[in-house]
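Notes to accompany the following structure.
Lettering of chains follows the sequences in order, A, B, ..., and the numbering in each one begins at 1. Side chains are part of it too, since the values below use all heavy atoms of this structure and drop only hydrogens, waters and symmetry mates.
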Amino acid sequence: MKRKAIFYTPILWLIFNLAFLFATFTFTSSYASDFRKRISQLDDYPYRTEDDIKAEIIFGRELSARILGRYPLLKDKTLTEYINLVGKAMSQHAARPEIEFRFGILDTDTINAFSAPGGYIFITKGCLKLIEDEAELAGILGHEIAHITERHIVKEINLKATDESPISGFASLIAGATGSAEVVFTTFIDKAYEILFERGYKKEDELSSDTIATTLLATTGYDSSGLLRFLKRLSEKGHEKDMEGTHPGLENRIRAIEEYMEKNQLTGKEGALLKERFYEKAKAK
Amino acid sequence: MKKQRLNNLLFFTIISIMIQPSVLLADEYHYINSLPGERAAGMGGAYIAVSDDPSGCFYNPAGIALASARRLSISVNAYNISTKTYKDALHKTTGEGEDWELRSSRLIPNFFGVIQRFGPGIIGFSYAVTDFTSRDQEQVFRDIRSAIPGVNIDRYVINIDDVDNAYNFGPSYAIKLGDNLSVGATLYFYHRDSKIIRNHLINLSNGEFNWENYYLSLKEYGLRPIIGLMFSPVDKISLGFTISRTFLFDSDLRAQATIRGPASFGYGLNDVKFEVRESSEKRSFPLETKFGVAYFPSPSFLLSGDLYYYTRVENYEPVLNGAIGAEYYLSPSIAMRFGLFTDRANTPYLKRDRINQPEHVDNYGTTLSITYFTRNSSLTLGAIYTYGTGEAQVISNSPAIQEVRIDSITVFVGGGYSF
Amino acid sequence: MVKKIQLIIIMLTFLLCPLVYAEEIKLYVQSIKAPILSEPLLGAKELVKANKGEVLYAIEKKEKWYKVRYKEISGWVSSLMVDTIPPSKRISIMETSQEELQTGARKRASAFVTAAAARGLMEERSRLSDRYRIDPEGVKWIESITVSDEEALRFLEDGMRR
């Protein structure tokens, strides 16, 4: 029959398709397939309405109370003010202007720093002892700021305000949803507590916080190797075991920051250390 | 084969708008009788390379591996009204033509799907209605010409009660094999339940009458595996490929005809012909090969295009169909979608001087929808309009060919919910 | 036959037309200042600084960088400092809590109600085990430390001048 045009022979059609797929395969390069995300489902969108942010702050406050239940707060006003001055200058260079960042010191010799969603950041006395200059302090605070700006905990436990709009109610009715995304508060706090003190963040979250901290150091004018130098000292002095194992291997982190700095042509680039100011404000204590 | 056997049921005809007796299904001459899905329906079904939500289970199971939420469910309710008009199917005694019309209207939940992360991939379950027709008509024609010389039809009463549903439901699983490649499969359980009841009463001008009653029913059970592949050769471009076929494992066809012809055709006073036929012969379905390209230039705009190829099967010709779709976000909470698609007939063009040929109508459709998003839900309102023209031989055993026109409007409301 | 070839050509045209389409995305600076650099590298030359709230037009995206147009200048900005929505005002839960007290139960206060209920539960648990100990007073003490944004920026500038 005349009907047998080329595309009408199924085998040829199949070959045509496979050949096309194959041809395109050869040009394949690796990249994240995030282009699929629509504006309505952009990663942060579900977490960034005013109600979400309020829920996040309320949550962060409660989690902070738990952190302070584990380690006592060091109520040194001038030292806390200094940490806040450094931290708030850093946080304003990051991308969450809606969050009021607050910084506190934990009265323990453990070397660590923590952050709770909603802007609450803590650094231990032990950590301050090991720090040598303000760039290092800024780097550590920058790392914690990044956990908050990137919403690492918020995303991992999927913390959102409850959705009570009528549209959503209607949609959930049609879609046959069985429950709302209600914040089951206490369990969520427990989950976040586990992330901070037991499980640790996901490895990629830690590494991304390191690069963001390094980026913030470079944009504020601090020595961009601030965090790197601190981590190296921690590693050399064998302090890793004092960190309660909540961070991925220091070696990995150090290597990743070095690579990031190399790639961004930051290696060897000068920045402010502010060693004297740090000694004057923090080491005098 | 089946067609011939059923044709035997028609012992003769004076002038029956019967209804090709092989037409057991409301629309077995087209492969795209419904566009399941919330987003897909708005985009003309051009979804093979998008498919990243529960409707991907139906269009391309590989796509669900790329869904953004941990858990998503969508469901769609559709209301369809369609009319098929056979132009000048009958002729008045005065000579002017009279159209015959088949109407269907139906409200049905035509898609439900849910997907969720499970193990290294995504698991899904979905339910899609690929055909839904419901006709309930009573028609009366007066003063019509008949095939018997010198005798007219005073009154011709046709009662129609047809229902045809095709359901697909089953699980899907998809997994990412890399940053830009995913594979997936769906195994649908296929069930079709179709029934045609027609009652014809013809009163002739010579005082005689002809009465015909037909009851045809078909129940089919089968499996429909769909295997899909999705990958991105370059940034912003996605390609999708699927292959599927329906295999029946059980088919139950029953046909019953009760006829009382006019005395001048040899019928006695108490003479009623009654015949029952049954068959468990299974239909064959075409192999469906589908290919799609989607382009995502920005988070608020996407375009996609699909090509579908259905192989030749039994008496049916191979078919090539296509669809294109676009999606545009007016704001992060409002999206508009638009699509065009073809739904061409799997029958040959009609030839002159033959009888009882299957109709050939090529359909073309356009779709439009608007979606409103809240934080974790979406609500969609949309419409699908299909228009088709072609030819048919609607009068049994007559070489007359009628023009056919199909108009179909589907309005759908869909809801999506993510967790 | 001819009809079929026509159809194929039409479909291919539709498939290819998206390739020529491109769209500009508006980005808003979220950080207090966002340096626009000559290359997508932190160590690259700084061309200009955009201020918080200003609009940049994205031309291209490369990993964590956007190529943008800003005041006739085109350069690279880190995606960490921009977003597709304008920067939000600071959000505080303090004033809302006040409002809560004054207006009584509002419908949308579910998060607050949950928090209050959770607080009771947490206090109870904190008496049972050290693991669940809480110190809400400590949180209040930290919140009482008032360092304004401007003070912090001045302090930073001060340091950089040294």
**Study point:** A:S64 versus chain C, the contacting section by heavy-atom distance below 4.5 Å
**Key:** both
Revision key, fill the gap. Among residues 45-53 of chain C, residues within the sub-4.5 Å heavy-atom range of chain A, in order of number, are C:K52
Practice item. Would you check if there is a donor-acceptor pair between the side chains of A:S115 and A:E144 at a distance under 3.5 Å? Key: yes
Check your understanding: Looking just at side-chain N and O atoms, do C:S74 and C:Y57 make a donor-acceptor pair shorter than 3.5 Å?
Key -> no
**Study point:** Segment of C:E63 engaging chain A (4.5 angstrom heavy-atom cut-off)
**Key:** side chain
Exercise for review: Measure A:L274 against the heavy atoms of chain C and call it side chain, backbone, both or neither at under 4.5 Å.
Suggested key: side chain
Review point. Looking only at side chains, do A:T78 and A:D76 share a donor and an acceptor under 3.5 Å apart?
Key: yes
Point to revise | Proximal component of A:L74, with respect to chain C [non-hydrogen, under 4.5 Å] | key: backbone
Study note, to complete from the structure: Applying salt bridge (charged side-chain N to carboxylate O under 4.0 Å, His left out) to C:E54 and not counting sequence neighbours gives C:K71
Review point. Does a salt bridge link C:R154 with C:E150, judged by any charged N lying under 4.0 Å from a carboxylate O?
Key: no
Exercise for review: Determine the option with the most heavy-atom pairs under 4.5 angstrom with chain C, choosing from A:G119, A:A94, A:G271, A:A218.
Suggested key: A:A94
**Study point:** Over 12 foreign heavy atoms within 6.0 Å of CD, A:E262
**Key:** no
Exercise for review: Could you tell me which of C:P87, C:G138, C:P35, C:G43 has the largest number of non-hydrogen atom pairs under 4.5 Å with chain A?
Suggested key: C:G43
**Study point:** Residue A:K88 versus chain C: region with a heavy atom under 4.5 Å
**Key:** both
Review point. A:F103 vs A:F101 aromatic rings, parallel, tilted or perpendicular, using cut-offs 30° and 60°?
Key: parallel
Check your understanding: Who pairs with A:D133 by salt bridge (charged side-chain N to carboxylate O under 4.0 Å, His left out), at least two apart in sequence or on another chain?
Key -> A:R229
Point to revise | Results of ring pair (Phe, Tyr, Trp, His ring centres under 6.0 Å) for C:Y28 - residues two or more places apart only | key: none
